[in-house]
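Note sheet for the following structure.
A note on names: the letters A, B, ... follow the listed sequences, proteins ahead of strands, and every chain is numbered from 1. Reckoned from all heavy atoms, side chains included, excluding hydrogens, waters and symmetry mates.
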Amino acid sequence: TQLLEQSPQFLSIQEGENLTVYCNSSSVFSSLQWYRQEPGEGPVLLVTVVTGGEVKKLKRLTFQFGDARKDSSLHITAAQPGDTGLYLCAGLFGNEKLTFGTGTRLTIIP
Amino acid sequence: EAGVTQSPTHLIKTRGQQATLRCSPISGHTSVYWYQQALGLGLQFLLWYDEGEERNRGNFPPRFSGRQFPNYSSELNVNALELEDSALYLCASRFSSGGHNEQFFGPGTRLTVL
């Protein structure tokens with residue numbers, strides 16, 4: 001059974017600060033996805049990373065895939081209240097099985 | 001293009017009853033996934049249907065079952081409800097092949113078991 005651990009589980013910071021959340025596993029992923037979920041809604045796909053060492057940017061969000069494809073990070077620069085939500089990583093093992101991480105609940109304080 | 005839709009939005013049942021949850025995928029998507037999300041944290045995989053057949057199921061008891069219809073919509077049934085079944089049930093859809101299994105989620109059905 002593949003497990004994805006996310007850290008921290010909860011994070012509360014002031015608007016304008018930077019933050020990084022992590023997604024780790026002992027297994028190698030074919031690819032990894034990051035989702036954000038807001039209250040009362042389903043998760044929304046933010047990005048998919050495929051190649052070891054890959055870095056993708058989405059405005060103030062920077063996603064990195066570890067060289068060994070076992071871990072990933074999400075860095076947010078100058079956090080804004082609109083970034084508040086539950087961030088979920090999801091690893092693809094083989095071609096079909098997508099396993100979701102434990103989640104990081106982020107709160108940005110205005 | 002319409003997204004994934006789920007009904008009902010909220011469902012309240014008592015212990016021992018049965019619950020039926022419904023999902024309509026994005027047009028053109030043939031795969032449907034069901035997840036259970038308790039306490040607003042990570043998603044636990046329940047079931048995967050593709051082209052009308054069950055392809056995989058997660059580590060849940062047999063009282064969790066479902067089906068996929070010819071129009072690719074899907075139904076999740078939970079029998080003999082228990083208090084710990086209270087959760088948000090999410091449905092997701094995707095194209096049946098290719099890509100990296102990127103899934104598109106509906107807003108969920110909040111099931112409360114009293």
Legend entry - Inter- and intrachain pairs under salt bridge (Lys or Arg N to Asp or Glu O under 4.0 Å), touching residues 4-31 of chain A, at least two apart: none
Legend entry - Donor-acceptor pair, side chain of H75(A) and main chain of L19(A), under 3.5 angstrom: yes
Inset, instruction - With sequence neighbours left out, write down each residue that passes salt bridge (charged side-chain N to carboxylate O under 4.0 Å, His left out) with E84(B), or none if nothing qualifies. - result: none
Legend entry - Portion of V50(A) that has a non-hydrogen atom of chain B nearer than 4.5 angstrom: side chain
Inset, instruction - Please flag which part of L45(A) lies under 4.5 Å from any non-hydrogen atom of chain B: side chain, backbone, both or neither. - result: side chain
Inset, instruction - Could you verify whether a donor N or O on one side chain and an acceptor N or O on the other, from Y35(A) and Q33(A), lie under 3.5 Å apart? - result: yes
Inset, instruction - Side chain from CB out, backbone as N, CA, C, O: work out which of these in Y35(B) comes under 4.5 Å of a heavy atom of chain A, or both, or neither. - result: side chain
Inset, instruction - Let me know if E41(A) has heavy atoms under 4.5 Å from chain B in its side chain, its backbone, both or neither. - result: backbone
Inset, instruction - Among the options P43(A), A90(A), S31(A), pick out the one with the most heavy-atom pairs lying under 4.5 Å from chain B. - result: P43(A)
Legend entry - Which portion of Q103(B) sits near chain A, non-hydrogen atoms under 4.5 angstrom: both
Legend entry - Residues D85(B) and R63(B) bridged, charged N to O under 4.0 Å: yes
